[in-house]
Amino acid sequence: MPQELQRPSWRKYFMDITALVAERSTCTRRAVGAIIVLDKRILSTGYNGAPSGIRHCSEVGCLREQMGVPSGEKHELCRGIHAEQNAIIQAAQHGVSIKGATLYCTNLPCSICAKMLINAGIVKIYYKSGYADAISKDMLKEAKISLIKLEDKEPEENS
């Protein structure tokens with residue numbers, strides 16, 4: 001009788017891919033990856049870094065560090081774009097609706113990303129690490145978006 005394969009759960013599978021996406025980040029402070037999934041299919045991916053055609057922070061230095069901006073504050077003072085924003089933009093560029101989809105992200109989205117995800121129709125967010133932006137959790141809760149930290153116990157999805 002053949003040996004049964006040990007396959008990762010869907011949640012682990014998608015979170016592992018999210019971590020791999022984060023490896024493309026060019027941010028010198030924090031590498032973040034995000035993927036948007038619907039019906040167990042990846043619709044789009046994103047990582048944080050400077051917009052296309054703009055020099056990366058790894059080349060010119062971190063504007064936020066130079067200005068002494070603390071993490072979680074004044075998001076607009078940055079050369080980079082967040083992973084969640086890049087995932088939304090990638091879907092839009094390719095005409096892919098993400099309404100009703102789930103976001104897997106290495107970090108809790110900031111308040112700016114949370115607003116974009118709410119309006120984009122994301123219904124569930126899995127994340128691995130927190131982020132220093134208290135407003136984000138409040139808005140996602142009010143919008144009734146399921147927010148699940150990786151360590152939280154939730155029944156595994158079927159293989």
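These figures come from a predicted structure and were not determined experimentally.
Under a 3.5 Å cut-off, the side chain of Gln85 and the backbone N or O of His82 do form a donor-acceptor pair. Listed for the Arg24 side chain is no donor-acceptor partner under 3.5 Å among the backbone atoms of Ala31. Put simply, the side chain of Arg64 gets close to the backbone of Pro70: a donor and an acceptor are under 3.5 Å apart. With hydrogens and angles ignored, the 3.5 Å screen pairs no side-chain donor or acceptor of Thr26 with any backbone N or O of Gly49. Looking at Glu23, its side chain never comes within 3.5 Å of a backbone N or O of Leu20 through a donor-acceptor pair. Asn48 contributes no side-chain N or O that, together with a main-chain N or O of Ile81, makes up a donor-acceptor pair within less than 3.5 Å. A donor-acceptor pair is defined here as one N or O able to donate and one able to accept, closer than 3.5 Å; such a pair exists between the side chain of Asn86 and the backbone of Tyr47.
Inter-residue side-chain proximity for Ile125 and Leu117 is flagged as met; some heavy-atom pair is nearer than 4.5 Å. Arg30 places none of its side-chain heavy atoms less than 4.5 Å from the side chain of Thr106. At least one side-chain heavy atom of Val37 sits less than 4.5 Å from a side-chain heavy atom of Tyr104. By the 4.5 Å heavy-atom criterion applied to side chains, Lys124 and Ile145 are not counted as neighbours. Using a 4.5 Å heavy-atom cutoff, the side chains of Thr102 and Tyr126 are in contact.
Across Val21 and Gly46, no two heavy atoms sit closer than the pair CG1-O, 3.2 Å. Nearest heavy-atom pair, Cys105 versus Glu84, reported as atom, atom and distance to 0.1 Å: SG-OE2, 3.5 Å.
In this structure, CD1 on Ile35 lies 4.5 Å from CD1 on Ile42, to the nearest 0.5 angstrom. Distance SG/Cys113 to CD1/Ile118: 11.0 Å, rounded to 0.5 Å. Atom CG of Leu108 sits about 7.0 Å away from atom CG of Leu140, to the nearest 0.5 Å. One finds the CZ atom of Arg29 at 5.0 Å from the CD atom of Glu65 (value rounded to the nearest 0.5 Å). The structure places CG of Leu38 at 10.0 Å from CD1 of Ile98, a figure rounded to the nearest 0.5 Å. With rounding to the nearest 0.5 angstrom, the CE atom of Met139 is 11.5 Å from the CG atom of Leu147.
Hydrophobic clustering of Ile, Leu, Val, Met, Phe, Trp and Tyr side chains at less than 4.5 Å, counting indirect connections, keeps Ile89 apart from Met116.
Residues satisfying the side chain to side chain donor-acceptor pair (under 3.5 Å) criterion with Asp138, sequence neighbours excluded, are absent altogether.
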